[in-house]
Number of protein chains: 2
Amino acid sequence: MKNSDFYTFRGYRIKDEKLLSPSMEDYIEMIYRLSIEKDIVRVNNLSEALNVQPPSITKMIKRLSNDGFVNYEKYGSIKLTEKGIEKGKFFLFRHETIYEFLELIGVKENLLEQTEKMEHAIYEETLEKISNLIIFLKNNIDFNS
Amino acid sequence: MKNSDFYTFRGYRIKDEKLLSPSMEDYIEMIYRLSIEKDIVRVNNLSEALNVQPPSITKMIKRLSNDGFVNYEKYGSIKLTEKGIEKGKFFLFRHETIYEFLELIGVKENLLEQTEKMEHAIYEETLEKISNLIIFLKNNIDFNS
DNA sequence: AAGGAATTTTAGCCAAAGCTAACTTTATAT
DNA sequence: ATATAAAGTTAGCTTTGGCTAAAATTCCTT
């Protein structure tokens with residue numbers, strides 16, 4: 001392993017351009033969450049849920065719409081496309097898996113915040129391995145005592 | 001847990017302004033790494049090691065110098081301050097812990113890249129719990145078969 | 001000691017993702 | 001039905017962390 005195999009965080013995102021940015025992931029995940037709870041999602045709801053001001057929501061929704069994750073027209077309601085729903089499902093599953101994992105190993109402080117930060121950094125293979133690990137740990141519940 | 005407990009990735013960084021950015025962490029970690037290998041670290045070396053162009057290095061080093069993590073003067077060599085060394089040590093330990101954890105649970109693809117992305121998202125308490133977990137898993141090595 | 005090569009810096013550009021202020025559109029209440 | 005309130009958009013600013021091109025400095029070779 002040479003030192004030059006390293007990249008900065010940003011470097012990885014640029015290198016691997018098919019990835020959604022963490023923010024895009026957050027938006028899609030939250031739209032998905034919200035659309036389970038209520039049948040209409042608006043700029044408003046997202047703004048509150050993500051603690052981001054409305055103009056920023058508008059801007060990002062345009063981008064997501066452009067990239068085909070969302071159907072949206074001005075002043076309307078926000079609907080995930082098929083592609084968006086797929087992503088949303090995955091992001092929510094990923095979130096819940098990480099949350100459960102952290103809880104299980106005994107993380108107490110800022111559990112939600114820790115999950116939110118971490119989830120964007122987890123690749124699919126890793127998620128799978130963590131899923132397996134959760135099952136194992138649940139059958140060996142004394143591991144943390 | 002209300003939806004409005006959520007923040008976007010960026011939101012967390014702004015909220016918690018004492019945190020170093022992922023890039024700053026990468027730089028400090030790499031300077032620390034390099035200064036173990038060689039006794040003089042220059043813009044050059046960092047540029048190669050991080051796959052970032054020299055002007056970007058200069059810019060970031062200025063920032064790190066400003067924030068007291070690094071001693072630097074133009075055209076000179078880059079030296080971590082006490083504060084910087086402390087951080088560097090921690091970041092390297094964190095890196096190695098995450099790497100070992102991922103390896104242990106069976107992650108194979110993009111192991112280094114996965115580690116690099118993930119490490120910035122790990123809080124101290126989580127790192128501690130993962131350390132404990134590693135010890136446990138090593139004594140139960142069949143968990144992944 | 002001079003001149004070319006290598007290194008570093010400066011200047012200025014870009015995109016992402018926030019923000020505020022001001023404007024427009026839509027919804028609501030009398 | 002209209003006035004006001006609420007919601008959403010536009011315009012334009014900011015910071016972060018990259019980049020390239022060009023200038024400056026330092027190093028090395030002869």
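Heavy-atom basis, side chains included; hydrogens, waters and symmetry copies ignored.
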Where do N or O atoms of nucleotides 7-10 of chain C meet protein N or O atoms at under 3.5 Å, pair by pair?
residue, atom, partner, partner atom, Å
C:dT7, OP1, B:N44, ND2, 3.3
C:dT8, OP1, B:R42, NH1, 2.5
C:dT8, OP2, B:N44, N, 2.7
C:dT8, O3', B:Y72, OH, 3.4
C:dT9, OP1, B:Y72, OH, 2.4
C:dT9, OP1, B:Y75, N, 3.1
C:dT9, OP2, B:T58, OG1, 2.6
C:dT9, OP2, B:Y72, OH, 3.2
C:dT10, OP1, B:K74, NZ, 2.7
C:dT10, OP2, B:K62, NZ, 2.5

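Listed by chain and residue number, nothing satisfies the side chain to side chain donor-acceptor pair (under 3.5 Å) test with B:T115 (two or more places apart in sequence, or in another chain). Partners of B:I36 according to the side-chain contact (heavy atoms from CB on, under 4.5 Å) rule, which considers only residues two or more places apart in sequence or in another chain, are B:Y32, B:L92. Qualifying side-chain contact (heavy atoms from CB on, under 4.5 Å) partners for A:F90, counting only residues two or more places apart in sequence or in other chains: A:R94, A:E124, A:L127. The side chain to side chain donor-acceptor pair (under 3.5 Å) search around B:E100 returns B:K138, not counting sequence neighbours. For B:E29, the salt bridge (Lys or Arg N to Asp or Glu O under 4.0 Å) criterion is met by B:R33, not counting sequence neighbours.
For A:N66 and C:dA16, the CG to P distance is 11 Å, given to the nearest whole Å. Following rounding to the nearest Å, A:I78 (CD1) and D:dT9 (C1') show an atom-to-atom distance of 13 Å. Here the C1' atom of nucleotide D:dG18 and the CE atom of B:M60 are 10 Å apart, to the nearest Å. Remark: C1' of D:dG8 and CD of A:E48 are 16 Å apart, rounded to the nearest angstrom. One interatomic measurement links the two molecules: CG of B:D26 to P of D:dT16, which rounds to 16 Å at whole-angstrom precision. Between the C1' atom of C:dC19 and the CD atom of A:Q53 lies a distance of 7 Å, rounded to the nearest Å. Distance, B:I40 CD1 to D:dC27 C1': 14 Å, rounded to whole Å.
Between the side chain of A:T81 and the main chain of A:G68, a donor-acceptor pair closer than 3.5 Å is present.
In this structure, A:S23 reaches the sugar-phosphate backbone alone: every heavy-atom distance under 4.0 Å involves primed, P, OP1 or OP2 atoms, never a base.
Under 4.0 angstrom from either OP1 or OP2 of D:dC19 there lies at least one side-chain N or O belonging to B:S56.
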